[in-house]
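Just below is one structure, and these are the notes that go with it.
Heads up: numbering here begins at 1 and tracks the sequence.
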Amino acid sequence: MTRQVLEHVFSQAGERFVYSHDFRAEHAVWQELDPPLRMVSNSQFGVGVFSYFMIADEILLYTRSVDQQGIPSSEGSAVRIASSGSLMQVTPSEEMLQGGTRIRLYLTGEEEPDKKISVLQTLRRLLWIAEYRVVAAEHGAAPEEWQPRQLRYQDESAESLKFDRDLWWVSGEGGLAADGLRTNEEVYGLIVNLRDEHRPQFTVDRKKLRTWHEDWVYDKIDASLPVLKAWPGLTLSWLWEVTDSSAEVAERVFQHLVDAGAEIAIGGGWGQSTTVPLAEVGCVPQDKDLFDPKSRGYYLYSRWFTTWRSGAWKGRSSTQRNLRRLPQALSVEGFPVADPIDGSLLARLRRQYGEDSPVLLEEILGAITHEKQTAAELLRRLRKFAITGLDLRHVRRCASVDATFKKEDAALAGALAAWSPPELTPSAITAGSLVKASAQLDQPLREVVRRAVAMAPTGWDGPCTELRQLGDHICTAAETRLLSVRLTGQPPWISEPLQPAHIAHAAGELGRDASQILEMCERLAPLGLAVAGRERYPESLSQVQVEALRHVEEVGGALAPVQLVHIAGLAGTSYRDVRTELEALQECGLLRLPADDDGLVDLVPDADTVGFIGWALQIMDPWTGRQRFLERPASLAVAATLSGRYMRRGVMNQMEELLAFTVPGAAITEPDLIAIASMITGTVGEARACFASAYPEVRLPEMSQSAEVLQPWLLQEYLITPRWAVEPVNWTLGVGQIIAGAVDFGCSVGEFVEKVEPYRALGAPLPEFSEEVVADLRDWRPDLYDLELLVIPRDRPAFGVDDTYMTEVDALRLVQTAGRLGMSLRETHERLTRMTCLGLRLEYPVDAVPEGIVHWRDLLALTVHLDGQRPEIGGHVGPDHFARAAEATGESAAETGKRLRVFAQLFSLELSEEVSDG
């Protein structure tokens, strides 16, 4: 650089050398050469020098210009800048006699060893490809060298594969480089160097890429794919990592390999060199957790995911699937093959773990919000997986928007949950999704609604636009939590008027008075939010009153004496004091107090009593995530504890006093006695005796001597309501419990029926069997598939709760179950038919069951909303349904007609002949 350049370009913020007259003149000369010479400047904003001070305290620069003939100038310059805020000192210099520029940075942190910046470590991390030979050294370490245009990559498990000059496939973390320097755009398994005319545009702080030539990069990737196939680093485990990083890159690799019919090594610690056909197993990154032994013990995997993926891998890997005792899909022929974009989409649902309940609308909207794929395209992809048992019923309320979403606008997609299609009943309360969008976007509600209206499909019903003063309100995190069922600020959202229990829990969770919570509700009223019995709330509530309302699930709900004992224990006061304080709430109609407790002796519960009530009489509600009292008599647990065979003696200090507060208000039944017998691991007679000893005034059911000796501990989960279920104790013995018992005990159905036969005398609902049926049952050993045919999918999250079983099967349930198990319809029907003697009812024409397996397109086409869930189609099916089904499944209306014709008799369909015949 000349002194003029130093003074008028180098030292001027925002000035670029390419703007100077000298550069333009010289550049014009270059264009006249043959071939023309072109220089691509890496300057964007003219402030690059200032970035030196991000890592350096001082800069020392030596420079000497060279003319167009290559002759160095006789004058050299030295430039010293002591700090980012100091003046630039320019002095004559004898350095750089051959011309050029040398810059020395004095790095920060020299006085603090723990903050010292290492040149070598920085270059190792950032300099992937050097344009020229680079040598770096530090005191006490050997120098390291970067060769020109060669990738320098650390910790390779497979040698990097170079393609052309600017692309490398690597075995670990990669991404985009700008002039060889690593950028913030990270892509696992791939490094592309953007240089010259392809150099990207940076943000002003030069920390992030603003724009880059994506088409050119993807063209390079596509061109390299033929040589990638032979690369030793190409494994399915590697492709999973690429998918997690960039599904778009992985998709190109996947489709090329599938088109080539390639088999690919699994790789990783468990798959190693075993090869699998990619076109059959697909690319679902969650598979590595499902099968990897290292991940066992961390998660319970969803029924739909475990059955589908273990079926896809059946016979291809010796590793057993993790944890849940579920059958593999017998065939995945009818399932879609998940490509990387599908795999990434399913991962965003975060539904491979735990929950088998319907995917929430907000979860779907979050999953289809993407920067590169439109929401409409991702919805189309998602529908395919209804065949697996993934419950997508809320897709019907999901706006199919033909648009992508930037990260900063993703919250706006969630606001669309407040809109409903015209054929469905709109939600009365739409506050949750709108309030969260306002809080996340930091925008007033009116602006959120305006933007969502512009995006929602024409004709869809949205929330009330008469927001009044609320329209200017920017919602808060506290308001978002208030509208969440679990008070977490996440869906599911409140959809009904708020009950006292929610108000009370919100006050505690948000650290506010109940009156402040009620004020928040009133502010959000224009969005449909309402408080049940709002007029009944007093101006203020005491701590005891708030604690009591935690147990009131509906306005005017009754409290039992034991609940008042629990409240007294938490408040550190007596039962009578609590009752007196709650009388005001009874007068205003918020709750009802026990009516016949005048004769009870006052009690100040100790910590053991409070602990006993929490452990034995309460359970975590899987829907709200809050503790609630069981709907079974508290007397069962108290009597069992007093027997000395249920809990340790230390918790029994006040059991005698607690007896009076737990006298049952309804008759004790045979299932109640079975529950006690299971608690004390004793006989039904012992259970009856211990209850009679604790509550001598309570009338108990009479029973025979043979019934008294029954010991139901191992059978109670099949006979009656499970121990930790919220519901009251009752008989549950049915076809599902019988099949489950036979599977669990490893015996025939007949042998298990013999185990539960004695309980018929106590009222167990066991069918009557003929001798012929009994003989058949003795020869029948059911398997996990028989049991899985009967499982009822849950409508709400119920993690860890026992399965429930169906007692009747209709045509759609037959198709759904056969589909997710990969079982032929005929085999499914035959298995179900065998269960009819146990009480299962088949509510479909049994002589109309078709052959073959269910294809994912079949299931979608058979449902009104094309989501694989009720309602199913029936009666006349017109051209409109054919057209919609064809669009959802990606095939012609005529092909859809052929599919439906197979199921016409089973579903009693009348098909439009001109469409179904093509």
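- The residues Arg64 and Glu95 are annotated as not salt-bridged, no charged nitrogen and carboxylate oxygen being separated by less than 4.0 angstrom.
- In this structure, the separation between CZ on Arg309 and CG on Leu346 is 9.0 Å, given to the nearest 0.5 Å.
- Formation of a donor-acceptor pair under 3.5 Å by the Ser245 side chain with backbone atoms of Glu241 is not found in this model.
- Separation of the Trp238 and Trp231 ring centroids falls under the 6.0 Å cut-off.
- Within the 4.5 Å cutoff, the side chain of Asp215 has no heavy atoms near those of the Val217 side chain.
- Side chain to side chain, Ser438 and Gln443 fail the donor-acceptor criterion of an N or O pair below 3.5 Å.
- Contact record, Arg381 with Asp342: NH1-OD1, 2.8 Å, taken as the closest heavy-atom pair.
- Side chain of Asp67 to main chain of Gln69: a donor-acceptor pair is present (N/O by atom type, distance under 3.5 Å, no hydrogens or angles).
- Within a 6.0 Å sphere centred on CD of Gln98, heavy atoms belonging to other residues, nucleotides or ligands number 12 at most.
- Between Val66 and Ile71 there is no side-chain heavy-atom pair separated by less than 4.5 Å.
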Under the side-chain contact (heavy atoms from CB on, under 4.5 Å) rule, what do Leu127 and Thr122 come out as? Steps first, then yes or no, please.
-> CA-CA 8 Å; Leu127 184 57; Thr122 301; over 6 Å; no
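- Ring planes of Tyr218 and Trp212: tilted class, angle from 30 to 60°.
- A heavy-atom distance below 4.5 Å is found between the side chains of Leu61 and Phe10.
- Atom CG of Leu194 and atom CD of Glu214 lie 10.5 Å apart (nearest 0.5 Å).
- Within 6.0 Å of the NZ atom in Lys229, the count of heavy atoms belonging to other residues, nucleotides or ligands does not exceed 12.
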Check against side-chain contact (heavy atoms from CB on, under 4.5 Å), Glu362 and Lys436 = CA-CA 11 Å; Glu362 292 79 8; Lys436 183 174 183 179; over 6 Å; no
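- Between the CG atom of Leu236 and the OG1 atom of Thr275 there is a distance of 11.0 Å, given to the nearest 0.5 Å.
- Note that OG of Ser65 is 11.5 Å distant from CE of Met96, once rounded to the nearest 0.5 Å.
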Taking it one step at a time, do Asp339 and Gln255 satisfy side-chain contact (heavy atoms from CB on, under 4.5 Å)?
-> CA-CA 8 Å; Asp339 61 30; Gln255 293 300 341; 3.8 Å; yes
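- The shortest distance between side-chain heavy atoms of Asp244 and Tyr188 does not fall below 4.5 Å.
- Partner of Leu167 under the side chain to side chain contact (heavy atoms under 4.5 Å, CB included) criterion, out of Val192, Asn193, Leu151, Leu161: Val192 alone.
- For the pair Leu416 and Ala452, the tightest heavy-atom approach, listed with the atom from each and the gap, is CD2-O, 3.7 Å.
- For Ala250 against Thr243, the heavy-atom pair with the smallest separation is CB-OG1, 3.3 Å.
- Within the 3.5 Å criterion, the main-chain N or O of Ile221 finds a donor-acceptor partner in the side chain of Ser224.
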Could you walk me through whether Lys406 and Glu371 pass the salt bridge (Lys or Arg N to Asp or Glu O under 4.0 Å) test, one step at a time?
-> CA-CA 5 Å; Lys406 296 179 180 179; Glu371 289 187 292; over 6 Å; no
Criterion salt bridge (Lys or Arg N to Asp or Glu O under 4.0 Å) on Glu144 and Arg152, from CA distance to verdict = CA-CA 11 Å; Glu144 296 187 20; Arg152 198 169 193 273; 2.9 Å; yes
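- By the 4.5 Å heavy-atom criterion applied to side chains, Phe335 and Trp308 are counted as neighbours.
- A salt bridge is absent between Glu185 and Lys208; no separation between the charged side-chain nitrogens and carboxylate oxygens falls under 4.0 Å.
- In terms of modelled atom types and a separation under 3.5 Å, the side chain of Thr183 and the main chain of Leu176 share a donor-acceptor contact.
- For Arg104, the CZ atom counts as loosely surrounded, since its 6.0 Å shell holds 12 or fewer non-hydrogen atoms of other residues, nucleotides or ligands.
- The backbone N or O of Gln286 sits nowhere less than 3.5 Å from a side-chain atom of Trp240 that would complete a donor-acceptor pair.
- When the shell of 6.0 Å around CD of Glu94 is examined, it contains 12 or fewer heavy atoms from other residues, nucleotides or ligands.
- You'll find the side chain of Thr274 stays beyond 4.5 Å of the side chain of Arg316, heavy atoms only.
- For Arg348 and Glu363, the salt-bridge test fails: no basic side-chain N is under 4.0 Å from an acidic carboxylate O.
- When all heavy atoms of Pro148 and Glu131 are compared, the pair lying nearest together is CB-O, 3.7 Å.
- Between the Asp164 side chain and the Asp166 main chain, no donor and acceptor come within less than 3.5 Å of each other.
- Crowding of Glu75 atom CD: a count of heavy atoms from other residues, nucleotides or ligands under 6.0 Å not exceeding 12.
- With hydrogens and angles disregarded, no donor-acceptor distance shorter than 3.5 Å links the side chain of Thr369 to the backbone of Ala413.
- Note that CG of Asp402 and CE of Met455 are 11.5 Å apart. Values are rounded to the nearest 0.5 Å.
- In this structure, Leu365 and Gly414 approach most closely via the heavy-atom pair CD1-O, 4.0 Å.
- With a 4.5 Å cut-off on side-chain heavy atoms, Asp287 and Phe305 count as touching.
- Between the side chain of Arg182 and the backbone N or O of Leu126 there is no donor-acceptor pair closer than 3.5 Å.
- Heavy-atom neighbours of Glu7 CD from other residues, nucleotides or ligands within 6.0 Å: above the threshold of 12.
- Side-chain contact between Gln373 and Glu248: present, with at least one pair of heavy atoms (C-beta onward) separated by less than 4.5 Å.
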Is there a side-chain contact (heavy atoms from CB on, under 4.5 Å) between Val276 and Glu263 once you walk through the steps?
-> CA-CA 5 Å; Val276 292; Glu263 292 207 355; over 6 Å; no
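- Considering all non-hydrogen atoms of both residues, Ala367 and Leu349 come closest at CB-CD2, 3.7 Å.
- Between the CD1 atom of Ile129 and the CD1 atom of Ile191 there is a distance of 6.0 Å, given to the nearest 0.5 Å.
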